[in-house]
There are 2 protein chains.
Amino acid sequence: MATGRTHRPATRSRGIPEATVARLPLYLRALTALSERSVPTVSSEELAAAAGVNSAKLRKDFSYLGSYGTRGVGYDVEYLVYQISRELGLTQDWPVVIVGIGNLGAALANYGGFASRGFRVAALIDADPSMAGKPVAGIPVQHTDDLEKIIDDNGVSIGVIATPAGAAQQVCERLVAAGVTSILNFAPTVLSVPDGVDVRKVDLSIELQILAFHEQRKAGEEAEAQAGAVLEAEAAAAAAKETGKGPDGDVPAVMPA
Amino acid sequence: MATGRTHRPATRSRGIPEATVARLPLYLRALTALSERSVPTVSSEELAAAAGVNSAKLRKDFSYLGSYGTRGVGYDVEYLVYQISRELGLTQDWPVVIVGIGNLGAALANYGGFASRGFRVAALIDADPSMAGKPVAGIPVQHTDDLEKIIDDNGVSIGVIATPAGAAQQVCERLVAAGVTSILNFAPTVLSVPDGVDVRKVDLSIELQILAFHEQRKAGEEAEAQAGAVLEAEAAAAAAKETGKGPDGDVPAVMPA
DNA sequence: CCATCTTTGTGCACGCGTTCACAAAGACAT
DNA sequence: ATGTCTTTGTGAACGCGTGCACAAAGATGG
Ligand SMILES: NC(=O)c1ccc[n+]([C@@H]2O[C@H](COP(=O)([O-])OP(=O)(O)OC[C@H]3O[C@@H](n4cnc5c(N)ncnc54)[C@H](O)[C@@H]3O)[C@@H](O)[C@H]2O)c1
Ligand SMILES: NC(=O)c1ccc[n+]([C@@H]2O[C@H](COP(=O)([O-])OP(=O)(O)OC[C@H]3O[C@@H](n4cnc5c(N)ncnc54)[C@H](O)[C@@H]3O)[C@@H](O)[C@H]2O)c1
């Protein structure tokens with residue numbers, strides 16, 4: 001198996017920071033929009049604004065790719081689109097399989113943004129026999145039995161899992177065994193994979209919970225602000241009373257002062 | 001359990017690290033599974049394995065919430081479920097609206113995992129008049145015209161955007177103006193919002209591109225490994241010519257005239 | 001009550017990512 | 001050519017997150 005665990009010095013000049021990699025698609029999207037408007041060049045300031053990031057960060061990100069800008073002018077849009085595309089590996093075609101063609105899987109299959117960037121839905125796979133042959137988004141659904149053959153025939157290295165959580169790990173293992181080395185997981189499970197296999201997860205539930213946390217915090221602060229000087233009361237209460245309660249009390253630690 | 005002593009040096013009541021917040025739902029999910037299996041206590045080691053994180057990291061995360069563990073034993077599952085739920089704000093009900101009931105929006109509406117954790121789909125909203133009144137996942141779709149009223153009537157503070165990219169910013173502004181302060185965005189756009197509004201984005205395309213990057217890198221390393229001594233050649237070339245930065249000796253850095 | 005054993009909670013060091021600030025590079029006008 | 005003006009590319013400082021390693025807490029058994 002492709003164990004990236006070689007005696008390589010690691011972090012070589014080839015080592016683009018992960019945070020930067022994650023932003024490249026963002027830049028690419030903004031650049032593509034500019035390209036469509038036939039804008040010839042952009043400054044780091046403008047592009048950063050379009051991508052919603054700090055301009056210094058953007059320049060540093062680009063510095064990892066090389067010096068593609070012109071001082072006093074900015075970056076050549078077309079050229080940068082090409083460089084980033086190449087860096088991300090989008091100049092080649094990536095056949096992708098989607099496993100689990102339910103509500104979500106079908107939506108993904110129908111998603112146009114897939115093909116727009118070198119990603120091609122090579123096959124749709126589901127365990128439900130009654131779905132076999134039925135076309136979704138113009139592509140006939142194939143049965144899980146043929147998973148290995150499909151992966152192999154199409155040279156698929158990227159798989160998308162949209163099955164129920166209970167089936168995800170098993171599906172994952174079959175995909176990996178068949179040669180898939182990158183997985184995008186929509187099922188709410190922690191997938192365990194061997195070294196050399198990349199997994200990224202998209203978890204709606206987690207995102208909502210994070211939002212809820214901040215939402216609650218906002219509500220709490222608002223309440224405190226309304227209560228005025230109650231902040232001090234909270235601090236005092238927290239210091240004095242530590243029994244059984246959490247860091248900030250279950251109910252907003254503000255007593256009706 | 002209520003062995004709380006004034007031992008805690010004024011725990012970061014509000015300052016829970018963002019990285020920790022993002023992991024709490026993960027812990028909660030693992031704990032819920034344990035709870036369903038009636039497991040009374042769990043060690044940081046076990047729970048960390050279930051959540052796919054480092055045990056030291058998990059303990060540090062929990063330390064931000066307070067000292068809820070018992071040394072020599074571990075954590076009380078039920079109690080921890082409660083504490084994390086409370087911290088995340090899941091002990092209350094969060095009405096959510098989904099805007100843009102197309103392929104993805106419909107899938108989201110049908111998603112069972114929504115309601116399972118205090119999130120309630122309060123309304124489905126779409127701009128297409130022909131969809132108005134038509135039920136999706138048992139909930140009648142309402143027209144965008146009534147967006148403000150719906151938000152207000154239901155006390156919605158969390159909105160999900162699943163419209164085409166072109167409409168996202170506009171929809172976002174209407175949501176915010178109507179009182180929504182947390183947005184989960186599925187459209188491939190950078191949303192600009194006023195201070196105090198949280199936005200999280202789920203971007204399939206970006207995830208795939210990140211996977212493609214690593215996939216390409218893996219393929220490159222594999223090729224290098226096969227080529228054997230070529231590694232040295234590359235190192236030499238890299239040392240000699242550092243203007244370009246060709247990873248695999250690709251197109252030279254030719255500036256566009 | 002003491003000894004031993006398990007597991008937490010955390011101080012500390014380290015590395016990554018972000019941001020500032022500015023010298024240098026180049027465009028452009030004169 | 002020379003000067004000015006714009007914008008890049010990056011050195012350096014800083015802050016956050018991670019993981020190690022261990023002392024302390026508490027359970028358990030004698
Ligand atoms: N629908 C959403 O918006 C949404 C959002 C977030 C997460 N998710 C997650 O995505 C996954 C799919 O959600 P969904 O709503 O599409 O569920 P679904 O039940 O509609 O679809 C699941 C599909 O997977 C197929 N399947 C089951 N076991 C399989 C196996 N072993 N191999 C291949 N296919 C198999 C089923 O036949 C079904 O077609 C779930 O894990 C869900 O939690 C869904
Ligand atoms: N389908 C996917 O799997 C997927 C994946 C990633 C991202 N996305 C993104 O999610 C969004 C939705 O994707 P989709 O496949 O469901 O598209 P879709 O075209 O099927 O659905 C879009 C829906 O939004 C509605 N709409 C349009 N303008 C609106 C407005 N101003 N207000 C309210 N509703 C409006 C349309 O009537 C339609 O029902 C797109 O931005 C897409 O890029 C989709």
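So you know, we letter chains A, B, ... as the sequences are listed, proteins then strands, and number each from 1. Since the model is a prediction, treat every value here as computed from it, not as a measurement.
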Does anything in residues 23-40 of chain B reach DNA chain D, meaning a heavy atom under 4.0 Å, and if so which residues? B/Arg23
Listing request: all salt bridge (Lys or Arg N to Asp or Glu O under 4.0 Å) pairs with a residue in residues 183-198 of chain B, at least two apart in sequence or in separate chains. A/Lys218-B/Asp198
CG-OG1 distance between A/Leu47 and A/Thr41, expressed to the nearest 0.5 angstrom: 11.0 Å
Could you tell me how far apart B/Asp61 (CG) and C/dG9 (P) are, to the nearest whole angstrom? 12 Å
For nucleotides 25-30 of chain C, give me every protein contact, N/O to N/O, under 3.5 Å, one pair per line with atom names.
from   : atom 1 : to      : atom 2 : distance (Å)
C/dA25 : O4'    : A/Arg71 : NE     : 3.4

Test side chain to side chain contact (heavy atoms under 4.5 Å, CB included) on B/Ile16 and A/Arg217 and set out the steps. CA-CA 11 Å; B/Ile16 297 181; A/Arg217 193 175 48 77; over 6 Å; no
Atom-to-atom span, CD1 of A/Ile16 to C1' of C/dG17 - whole angstrom: 15 Å
Under the side chain to side chain donor-acceptor pair (under 3.5 Å) test, residues paired with B/Glu173 that sit two or more places apart: B/Gln169
Would you indicate what A/Tyr75 reaches in the nucleic acid, counting non-hydrogen atoms under 4.0 angstrom: base, sugar-phosphate, or nothing? sugar-phosphate
List in numerical order all residues of residues 44-59 of chain B for which some heavy atom is under 4.0 Å away from an atom belonging to DNA chain D. B/Asn54, B/Ala56, B/Lys57, B/Arg59
Please give, in whole Å, the distance from D/dG9 P to A/Tyr64 OH? 13 Å
Considering residues at least two apart in sequence or located in another chain, which fulfil the side-chain contact (heavy atoms from CB on, under 4.5 Å) criterion with B/Ala165? B/Pro188, B/Thr189
The bend of the helix from C/dC1-D/dG30 to C/dT30-D/dA1, taken between the axes of its five terminal pairs at each end and rounded to 10°, is 10°
Sequence neighbours excluded, every pair satisfying salt bridge (Lys or Arg N to Asp or Glu O under 4.0 Å) that has a member inside residues 24-53 of chain A: A/Arg29-B/Asp203
Does any non-hydrogen side-chain atom of B/Phe119 lie less than 4.5 Å from one of B/Ile158? yes
Could you go through A/Leu204 and B/Val160, starting from their C-alpha distance and side-chain angles, then the distance that decides it, and tell me whether this counts as side chain to side chain contact (heavy atoms under 4.5 Å, CB included)? CA-CA 10 Å; A/Leu204 171 64; B/Val160 176; 5.6 Å; no
One pair to check against side chain to side chain contact (heavy atoms under 4.5 Å, CB included): A/Leu24 and B/Gln209. What are the steps and the verdict? CA-CA 9 Å; A/Leu24 290 182; B/Gln209 289 175 45; over 6 Å; no
With a 4.5 Å limit on heavy-atom distance, are the side chains of A/Val96 and A/Leu184 in contact? no
Taking only residues two or more places apart in sequence or in another chain, which ones pass ring-ring contact (aromatic ring centres under 6.0 Å, His included) with A/Phe186? none
Residue B/Ala19, side-chain atoms from C-beta onward, closest of D/dG17, C/dG9, C/dG17: D/dG17
Would you say the side chain of B/Val190 lies within less than 4.5 Å of the side chain of A/Val53, judging by non-hydrogen atoms? no
Side chain to side chain, B/Asp76 and B/Tyr68, heavy atoms closer than 4.5 Å: no
Those residues that, when tested against B/Tyr27, pass ring-ring contact (aromatic ring centres under 6.0 Å, His included) (two or more places apart): B/Phe62
Below 3.5 Å between N/O atoms, which protein atoms pair up with nucleotides 11-13 of chain D? Just atom names and distances, please.
from   : atom 1 : to      : atom 2 : distance (Å)
D/dG11 : O6     : A/Lys60 : NZ     : 3.3
D/dA12 : N6     : A/Lys60 : NZ     : 3.0

Quick note, salt bridge (Lys or Arg N to Asp or Glu O under 4.0 Å) partners involving residues 49-65 of chain A, not counting sequence neighbours, are A/Arg23-A/Asp61
